[in-house]
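Convention: sequence-line order gives letters A, B, ...; per-chain numbering from 1. A quick note: this is a predicted structure, and the numbers were derived from the prediction, not measured.
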Amino acid sequence: MKIRLRTIFQEKLNGHYSNCRIRVKIKMFSLLVLKLDSIWIGAICNKEKLVRISLSFKKESLFADLRISKDKERYSSSLLERLRDDLIDYWHLKKINFDNYPLKLSDYSYFAKSVWKNTQRIPYGEVRSYKWIAHKVNTRGYRAVGRVLSLNPFPIIIPCHRVIRNDGGLGGFSAGIEIKKRLLKIEKN
DNA sequence: AACTGTCGCGAAG
DNA sequence: CTTCGCGACAGTT
């Protein structure tokens, strides 16, 4: 449970604090943590949408990446249960379609959202280049595409691992190139 | 102002 | 023919 103090009003009347109103906004997050082979996957969601996913070889870095502290309480969530099942199936080589997960994208720029949307159009098992994505969003800012993909809050669901260099090189991956290789290997079967 | 997961060209081996 | 270095590119934080 994440508690954010929104506003604290203190009204000074007649020389002393006589009316103190406190409004607290409580945000509830559900947390999923699972390990598939050597890779840890963490995901958080709010009441209706996924908020962030993180991949790592080290469990500890999940929580920093998700921007939560690790000993928060966990609440069950049907969304995360579905995600957990899908991820396990995906890991066992099933061609899972992650397209219809509700994602919280409201905080991101139009450009970022269009890059991610086009990334989601790359079919399972196929790859496209950063340049290809750039064409789709009408820019020659290839590096800008890379920058936005590096900020991808939903790895696997937004399959940025399917985006590689135009010359066939792998490019990069924010969670580490080994994880990118691993995901591509899973999809090659 | 600095950063990024790029691209493509020219020069060198 | 392959590899390397470098400058241009564009959008974000």
**OP:** With rounding to the nearest 0.5 Å, note down the distance linking OH in A:Tyr130 to CD1 in A:Ile164.
**Re:** 8.5 Å
**OP:** Quick one: label A:Gly172 by what it contacts on the DNA or RNA (base, sugar-phosphate, nothing), any heavy atom closer than 4.0 Å.
**Re:** base
Subject >> Spacing between A:Lys131 atom NZ and B:dT4 atom P, to the nearest angstrom >> reply: 23 Å
**OP:** Mind checking A:Arg143 for me? I need base, sugar-phosphate or nothing, with any heavy atom below 4.0 Å counting as a touch.
**Re:** base
Original post:
Of all the choices, B:dC7, B:dG5, C:dT12, which nucleotide is nearest to the side chain of A:Tyr142 once you look at every atom?
Top reply: B:dC7
Original post:
Under 4.0 angstrom, heavy atoms only, what part of the nucleic acid is A:Tyr130 near: base, sugar-phosphate, or nothing?
Top reply: base
Subject >> Integer-rounded Å distance: C:dT13 P and A:Phe111 CZ >> reply: 11 Å
Original post:
Between A:Arg128 and A:Glu126, is the closest basic N to carboxylate O distance under 4.0 Å?
Top reply: yes
Subject >> Spacing of A:Lys113 atom NZ relative to C:dG11 atom P, expressed in whole Å >> reply: 16 Å
Original post:
Only one of A:Ile88, A:Leu62, A:Ile179, A:Ile53 forms a side-chain contact (heavy atoms from CB on, under 4.5 Å) with A:Ile41, so which one is it?
Top reply: A:Ile53
Original post:
How many Å lie between CG on A:Leu149 and C1' on C:dT12, as a whole number?
Top reply: 13 Å
Original post:
For A:Phe111, is the NZ or CZ atom of A:Arg147 found under 6.0 angstrom from the centre of its six-membered ring and inside 45 degrees of the ring axis?
Top reply: no
**OP:** Indicate whether OP1 or OP2 belonging to B:dT6 is found under 4.0 Å from a side-chain N or O atom of A:Ser129.
**Re:** no
Original post:
Does a salt bridge link A:Lys95 with A:Glu187, judged by any charged N lying under 4.0 Å from a carboxylate O?
Top reply: no
Original post:
Is A:Asn166 near enough to B:dG8 that one of its side-chain N or O atoms lies under 4.0 angstrom from OP1 or OP2?
Top reply: yes
Subject >> A:Lys113, NZ: over 12 other non-hydrogen atoms inside 6.0 angstrom >> reply: yes
**OP:** Kindly say if A:Arg147 contacts the phosphate of B:dC3, meaning a side-chain N or O under 4.0 Å from OP1 or OP2.
**Re:** no
Original post:
Between atom CZ in A:Arg165 and atom P in B:dT4, what is the gap in whole Å?
Top reply: 15 Å
Subject >> Pair A:Phe98 + A:Tyr90: ring centers closer than 6.0 Å >> reply: yes
**OP:** Give A:Val145 one of three labels, base, sugar-phosphate or nothing, depending on what nucleic acid heavy atoms sit under 4.0 Å from its own.
**Re:** nothing
**OP:** Assign A:Thr139 to base, sugar-phosphate, or nothing according to its heavy-atom contacts below 4.0 angstrom with the strands shown.
**Re:** sugar-phosphate
Original post:
Could you state the CG-P distance from A:Leu170 to B:dT6, rounded to the nearest angstrom?
Top reply: 11 Å
Original post:
Starting at CG of A:Asn138 and ending at P of C:dG11, how long is that distance when rounded to a whole Å?
Top reply: 10 Å
Original post:
If you measure from the Lys or Arg side-chain nitrogens to the Asp or Glu carboxylate oxygens, is any gap between A:Arg182 and A:Asp37 under 4.0 Å?
Top reply: yes
Original post:
Where the side chain of A:Arg140 is defined as all heavy atoms beyond and including C-beta, which of C:dC9, B:dC7, B:dG5 is the nearest nucleotide?
Top reply: C:dC9
Original post:
Among B:dC7, C:dT13, B:dG5, which nucleotide sits nearest the side chain of A:Leu151?
Top reply: C:dT13
Subject >> Length of the CD1-P vector between A:Ile164 and B:dT4, whole Å >> reply: 22 Å
**OP:** Quick one: label A:Ser109 by what it contacts on the DNA or RNA (base, sugar-phosphate, nothing), any heavy atom closer than 4.0 Å.
**Re:** sugar-phosphate
**OP:** Kindly express the pairing pattern of DNA chain B in dot-bracket notation, using | wherever a base pairs with another strand and counting only Watson-Crick or G-U pairs under 3.5 Å.
**Re:** ||||.||||||||
